[in-house]
Amino acid sequence: MISRIVFTLAATATLATAGPCDIYASGGTPCVAAHSTTRALYNNYSGPLYQVLRGSDNATTDIRPLSVGGVSNAATQDNFCNGSTCLISIIYDQSGRGNHLTQAPPGGAARGPNVNGFDYLAGALGAPVMLNGHKVYGVFISPFTGYRNNNPNGIAKGDEAEGLYAVFDGSHYNTGCCFDYGNAETNSLDTGNGHMEAIYFGTGDGSGRGTGSGSGPWIMADLENGLFSGVDPINNPADPSITSRFVTAVLKGRPNQWAIRGGDATSGSLSTYYNGVRPSNGYNPMSKEGAILLGIGGDNSNNAQGTFYEGVMTSGYPSDATENAVQADISKAGYAATASLMSGPSISVGSRVSFRVTTPSFTNRYIIHSGNAIAIQTVPQSSGIDLKQQASWTVRAGLGNSACLSFESVDTPGSFIRHSQYKLVVNPNDNSKLFREDATFCLQAGVNGQGSSLRSWSYPARYFRHYNGLLYIAGNSGPHEFDNPALFNDDVSFVVSNSFA
Ligand SMILES: *[C@@H]1O[C@H](CO)[C@@H](O)[C@H](O)[C@H]1NC(C)=O
Ligand SMILES: *[C@@H]1O[C@H](CO)[C@@H](O)[C@H](O)[C@H]1NC(C)=O
Ligand SMILES: *[C@@H]1O[C@H](CO)[C@@H](O)[C@H](O)[C@H]1NC(C)=O
């Protein structure tokens with residue numbers, strides 16, 4: 001009698017707080033991989049969500065939920081990374097199968113930029129959001145950034161059934177191949193049609209296989225050698241351009257049937273964008289290999305960008321009803337875009353500023369430009385108006401994200417500081433998406449404790465840095481000479497003051 005009462009209470013408590021993987025389990029299609037930097041995906045999960053790697057000493061720490069089954073404890077990251085920079089080095093699998101995601105190795109299409117050919121790791125500050133009123137961090141994937149597990153446990157192979165969902169930032173995407181989450185080749189090579197089954201998000205043209213309606217971005221399926229919105233070759237008008245800030249993207253497949261579904265991750269229900277047979281020519285039956293990737297294509301095509309908050313892969317083909325219950329849980333989790341991308345001393349849009357170096361022995365140098373080129377130089381009070389204007393910048397709302405900033409040249413209105421091939425340059429605003437994003441920087445408290453550091457919005461592992469007199473976007477211990485760890489924290493910290501002119 002007593003044990004029966006205990007059981008009833010436990011079952012009620014479970015139902016009241018079921019997470020996505022509890023819902024999939026009760027639908028008979030359990031998670032075999034569950035990844036999120038923002039929250040536990042099981043109501044009973046209290047293990048690590050992700051690991052961060054600190055630039056100043058290469059130390060790591062795990063970030064866990066605030067409570068069992070709860071949201072991520074971002075304060076652990078903020079405290080650990082204070083006075084340095086951090087990368088997301090592991091995204092842990094919560095399913096108990098050990099399907100963790102780590103830095104992606106080189107593949108058939110591309111070597112990553114690191115000396116060993118591995119892709120970049122994501123900067124840990126790139127994607128702050130609020131979740132149920134708490135600040136947490138997503139995974140901001142810049143081009144050449146990727147995560148992978150080529151030695152998976154229990155992920156669907158061949159034509160076996162599986163389901164996937166992921167929550168992405170609907171406003172962060174590009175056309176490059178391929179911002180994917182899901183099932184891929186175990187050798188990082190293109191081993192042929194049907195060897196992948198991953199969710200894709202972006203404005204790619206499907207490698208000629210089609211798109212959805214409008215100009216995108218679309219939720220599609222990367223099945224290898226093609227992004228599919230439906231059956232090849234089509235532009236599926238029922239696969240809409242996504243306009244919500246947070247998007248739930250759903251993909252599932254079983255023998256000769258698959259479906260794409262999607263919706264706003266903060267409210268409402270899922271819609272079905274495709275549900276039908278497999279494409280011909282190598283996709284029926286499928287030849288899934290069961291590796292897991294995030295942010296890249298199956299052959300490590302690594303030109304894409306996007307933001308990942310949470311996602312899972314299941315064993316078995318989830319019912320629409322199960323997925324609808326998961327969507328209800330995601331909406332209830334309460335994603336909101338109100339977390340600040342900036343910290344430290346604030347500067348006003350419309351004001352004019354100059355940037356002074358804080359590295360010892362160089363503290364009389366300022367960021368100046370001469371034509372397109374940017375350098376550091378002394379600007380004596382006695383210098384002429386030309387030099388003073390070259391060292392002065394008008395603060396604008398970020399051209400690529402208005403929650404951050406852009407810096408317009410005082411002597412060349414319409415031209416802005418941007419990064420190009422990792423160098424900082426001054427170029428006229430051509431109003432392209434790439435220019436606007438590359439000209440957007442987020443201020444944070446100076447990494448060395450002085451002034452401010454200016455983080456690239458589009459490559460948040462990289463900061464304004466002076467190196468041998470020139471300006472770069474640099475990452476601590478990255479592959480380039482200007483990523484040199486020596487003096488990194490000083491070289492990326494600048495005092496922002498009223499402008500010379
Ligand atoms: C957590 O919940 C899942 C299903 O929701 C279950 O399979 C698993 O055994 C539970 N783990 C523990 C440690 O209770
Ligand atoms: C951290 O590791 C990188 C790469 O292995 C190395 O280049 C760098 O010097 C290390 N930094 C410190 C502070 O040990
Ligand atoms: C970082 O450390 C500084 C100095 O110790 C402190 O003033 C600041 O509040 C800390 N910031 C965070 C986010 O913990």
Side-chain angles (χ1 to χ4, degrees), residues 6-7 10-34 39-48 52-61 63 65 68-70 73-87 89 93-97 102-103 112-118 120-121 124-125 128 135-137 154 312 314-316 318 322 325-326 329 339-345 442-453 455 461 474-491 493:
V6 170
F7 174 81
T12 307
T14 299
L15 275 179
T17 58
C21 286
D22 305 305
I23 295 166
Y24 279 114
S26 46
T29 51
C31 294
V32 286
R39 65 174 181 143
L41 299 174
Y42 292 84
N43 72 343
N44 60 7
Y45 189 77
S46 58
V52 289
L53 166 66
R54 186 164 61 193
S56 55
D57 59 358
N58 288 331
T60 60
T61 199
I63 314 301
V68 179
N73 187 353
T76 311
Q77 174 182 315
D78 290 338
N79 292 330
F80 180 78
C81 301
N82 194 3
S84 186
T85 55
C86 274
L87 303 173
S89 40
D93 173 23
Q94 302 175 28
S95 79
R97 289 180 176 265
T102 57
Q103 192 168 21
N114 284 296
V115 283
N116 54 10
F118 278 54
Y120 287 141
L121 292 169
L125 291 178
K135 184 182 74 173
V136 296
Y137 294 102
V312 312
T314 72
S315 169
T322 295
V326 169
D329 172 79
S340 180
L341 277 154
M342 304 215 284
S343 68
C442 308
L443 226 61
Q444 66 184 72
V447 172
N448 73 350
Q450 299 178 54
S452 297
S453 292
R455 192 173 74 241
N476 194 339
S477 303
H480 311 285
E481 194 192 349
F482 49 81
D483 297 327
N484 188 334
L487 294 175
F488 183 88
N489 287 358
D490 289 331
D491 290 353
S493 300

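Nothing here was measured: the structure is a model prediction, and the numbers come from that model. Order of listing sets the numbers, starting from 1, for every ligand and every atom in it.
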Roughly how far apart are [X] [atom1] and [Y] [atom2], rounded to 0.5 Å?
X: Leu125; Y: Thr85; atom1: CG; atom2: OG1; answer: 9.0 Å
X: Asp490; Y: Asn448; atom1: CG; atom2: CG; answer: 4.5 Å
X: Gln103; Y: Asn116; atom1: CD; atom2: CG; answer: 6.5 Å
X: Ile63; Y: Cys81; atom1: CD1; atom2: SG; answer: 7.0 Å
X: Leu87; Y: Tyr120; atom1: CG; atom2: OH; answer: 11.0 Å
X: Asn58; Y: Ser477; atom1: CG; atom2: OG; answer: 5.5 Å

> Mind checking what makes salt bridge (Lys or Arg N to Asp or Glu O under 4.0 Å) contact with Arg54, not counting sequence neighbours?
Replying inline: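 Salt bridge (Lys or Arg N to Asp or Glu O under 4.0 Å) check on Arg54 returns Asp57.
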>> Out of the candidates Leu41, Asp329, Thr29, only one should pair with Ile23 under the side-chain contact (heavy atoms from CB on, under 4.5 Å) rule; please name it.
In response: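 Output: one option passes, namely Asp329.
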Within the protein, flag every N or O under 3.5 Å from an N or O of ligand 1, and note the pair and distance.
from     : atom 1 : to    : atom 2 : distance (Å)
ligand 1 : 2 (O)  : Asn44 : ND2    : 2.6
ligand 1 : 5 (O)  : Asp22 : OD1    : 2.4
ligand 1 : 11 (N) : Asn44 : ND2    : 2.7
ligand 1 : 14 (O) : Asn44 : ND2    : 3.0

> For ligand 2, which atoms have a heavy atom of Pro485 less than 4.0 angstrom away?
Replying inline: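 Contacts of ligand 2 toward Pro485, numbered from 1: 9 (O).
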>> Please list, in number order, the atoms of ligand 2 under 4.0 Å from a heavy atom of Ser56.
In response: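 Taking each heavy atom of Ser56 in turn, ligand 2 has 13 (C) under 4.0 Å.
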>> Please list, in number order, the atoms of ligand 3 under 4.0 Å from a heavy atom of Asn82.
In response: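 In order of number, 1 (C), 2 (O), 3 (C), 8 (C), 10 (C), 11 (N), 12 (C), 14 (O).
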>> Closer than 4.0 Å to some heavy atom of Asn79 - which atoms of ligand 3 meet that?
In response: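 Result: 14 (O).
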> Does any N or O atom in Asp57 lie less than 3.5 angstrom from one in ligand 2, N or O only?
Replying inline: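 No, since none of the N or O atoms of Asp57 sits under 3.5 Å from an N or O of ligand 2.
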